[in-house]
Amino acid sequence: LPIRKALAIARKETQSYFVSPIAYVVALVFVSLTGYFFVDAMSSDIFPEASVNSYTGRSIFILALVGPLLTMKLLAEEQKLGTIELLLTSPVRDWEVILGKFLASLAIFGSALALTLVYVAFLFAFGNPDLGPIVTAYVGLFLFGAGALAVGLFTSALTSNQIVAAILSYGVLTLLTIIHLAADQVDGAMATLLNELSMVSQFEDFTRGILNLRSVIYYLSMVVVFLFLAVRALEFRRWK
C-alpha cells in the first residue's frame, strides 16, 4: 500500500518521542493545565455539563503551545543534524515523510488528550452530565490539535532551528486564535471573513454539543493546506 511507508515513518517517530523528554513534558503540561481548568470550572459552575464546556473551551489556548512543542524537532532537527539528506535520498516520497511525521505527532497528542478523560469520569461519578457536548468538545479538541500540529510541521520544514520553528508556529497559531477579535473593528464581509478564519470561532459549536460540518471541514482543510505547504517546503529543499 502507498501509505505503508508513511506508517513506518510514523511508528519510528512515535518511538523516538518516548526516548526523549518532549512527549512526557508536553503531556504533563497539557494534563496539568486542563486539570486546573477542570477544577476551577467545577468550583464555579452549577451543572457538570457546563463544567466540561468551561475547561475544554479554555484548553484550546494551550494547544497553540502544544502544537509547536511537539513538532518543532520533526524536520528542523533532521536538517540541523544532516540526516534529512539521507531521508530525501531514500526511496520514500516527500508526502510520505510529512504524513508519517504528522501521524506520529498526532498519536502523541491523542494520547495526552485521552489522559484528560479522567476528568470526564469524575463528571459522571459525581453528576449526570449530557454526553453530547462532551463528545463533540473532544472531537473539536482533537481537530483543533490536528490543525495546530500541521502548522507546526510546516514551520519545522522551513528552518533547521527548533526554537525558530516553534516561535514561527506559535505566531501563526496565535494569529489564527485571536483573529476573530479584529472582527469587532470592521463590518460586513470582512468581519464575517475574520470570524470564519478564527480557530476559536470554529470551535464554539463543538462546546455546545453541535457537530458542525462546516467547522469540521475548516479544521480538516487547515490540516491539508499546511501539510501540503510542508511537502512543498521539503521538495524545495530536495532540489535546492
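For reference, positions follow the sequence shown, starting with 1. Worth saying up front: this structure is predicted, and the values here are computed from it rather than measured.
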Verify same cluster id: [X], [Y] (apolar side-chain graph, 4.5 Å):
{"X": "V224", "Y": "L220", "answer": "no"}
{"X": "L175", "Y": "F154", "answer": "no"}
{"X": "V139", "Y": "I217", "answer": "no"}
{"X": "V225", "Y": "F102", "answer": "yes"}
{"X": "I134", "Y": "I210", "answer": "no"}

Just so I know, are the side chains of [X] and [Y] near enough to count as touching, which here means a heavy-atom distance under 4.5 Å?
{"X": "I178", "Y": "V200", "result": "no"}
{"X": "L141", "Y": "F203", "result": "yes"}
{"X": "F226", "Y": "L153", "result": "no"}
{"X": "T207", "Y": "P133", "result": "no"}
{"X": "I22", "Y": "K73", "result": "yes"}
{"X": "M199", "Y": "M222", "result": "yes"}
{"X": "F122", "Y": "V118", "result": "yes"}
{"X": "T71", "Y": "L74", "result": "yes"}

Backbone N or O of [Y] within a donor-acceptor pair of the [X] side chain at under 3.5 Å?
{"X": "E13", "Y": "A10", "value": "no"}
{"X": "S156", "Y": "G152", "value": "no"}
{"X": "S111", "Y": "A107", "value": "yes"}

F228 CZ: over 12 foreign heavy atoms closer than 6.0 Å:
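Not more than 12 within 6.0 Å, no.
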
Y218 atom OH, over 12 foreign heavy atoms within 6.0 Å:
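Check passes, neighbour count above 12.
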
Can you check side chain to side chain contact (heavy atoms under 4.5 Å, CB included) on L65 and L69, steps first, answer last?
CA-CA 6 Å; L65 178 62; L69 288 177; 3.9 Å; yes

So which atom in [X] and which in [Y] form the shortest heavy-atom distance, rounded to 0.1 Å?
{"X": "V31", "Y": "A112", "value": "CG2-O, 3.9 Å"}
{"X": "H180", "Y": "S198", "value": "ND1-OG, 3.0 Å"}
{"X": "I179", "Y": "L176", "value": "CG2-O, 3.8 Å"}
{"X": "A233", "Y": "A157", "value": "CB-CB, 3.9 Å"}
{"X": "I108", "Y": "A23", "value": "CG2-CB, 4.1 Å"}
{"X": "L99", "Y": "A6", "value": "CD2-CB, 4.0 Å"}

Which distance, rounded to the nearest 0.5 Å, do you find between the [atom1] of [X] and the [atom2] of [Y]?
{"X": "T155", "Y": "L229", "atom1": "OG1", "atom2": "CG", "value": "11.0 Å"}
{"X": "L103", "Y": "K101", "atom1": "CG", "atom2": "NZ", "value": "12.0 Å"}
{"X": "I98", "Y": "E235", "atom1": "CD1", "atom2": "CD", "value": "9.5 Å"}
{"X": "L63", "Y": "L143", "atom1": "CG", "atom2": "CG", "value": "11.5 Å"}
{"X": "E204", "Y": "N212", "atom1": "CD", "atom2": "CG", "value": "11.0 Å"}
{"X": "F206", "Y": "S215", "atom1": "CZ", "atom2": "OG", "value": "5.0 Å"}

Is it true that Y17 and S105 share a donor-acceptor pair across their side chains at a distance under 3.5 Å?
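No, no side-chain donor-acceptor pair sits under 3.5 Å.
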
Do NZ/NE/NH1/NH2 and the carboxylate oxygens of E196 and R214 come within less than 4.0 Å?
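Salt bridge: yes.
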
Would F109 and V26 count as a side chain to side chain contact (heavy atoms under 4.5 Å, CB included) here? Give the steps.
CA-CA 9 Å; F109 166 67; V26 170; over 6 Å; no

Side chain to side chain contact (heavy atoms under 4.5 Å, CB included) between V164 and I167, worked out:
CA-CA 5 Å; V164 172; I167 292 174; 5.8 Å; no

With W95, which of L227, L234, V231 fulfils side-chain contact (heavy atoms from CB on, under 4.5 Å)?
V231

Check the pair L168 / V172 against side chain to side chain contact (heavy atoms under 4.5 Å, CB included), numbers first and verdict last.
CA-CA 6 Å; L168 285 175; V172 172; 5.7 Å; no

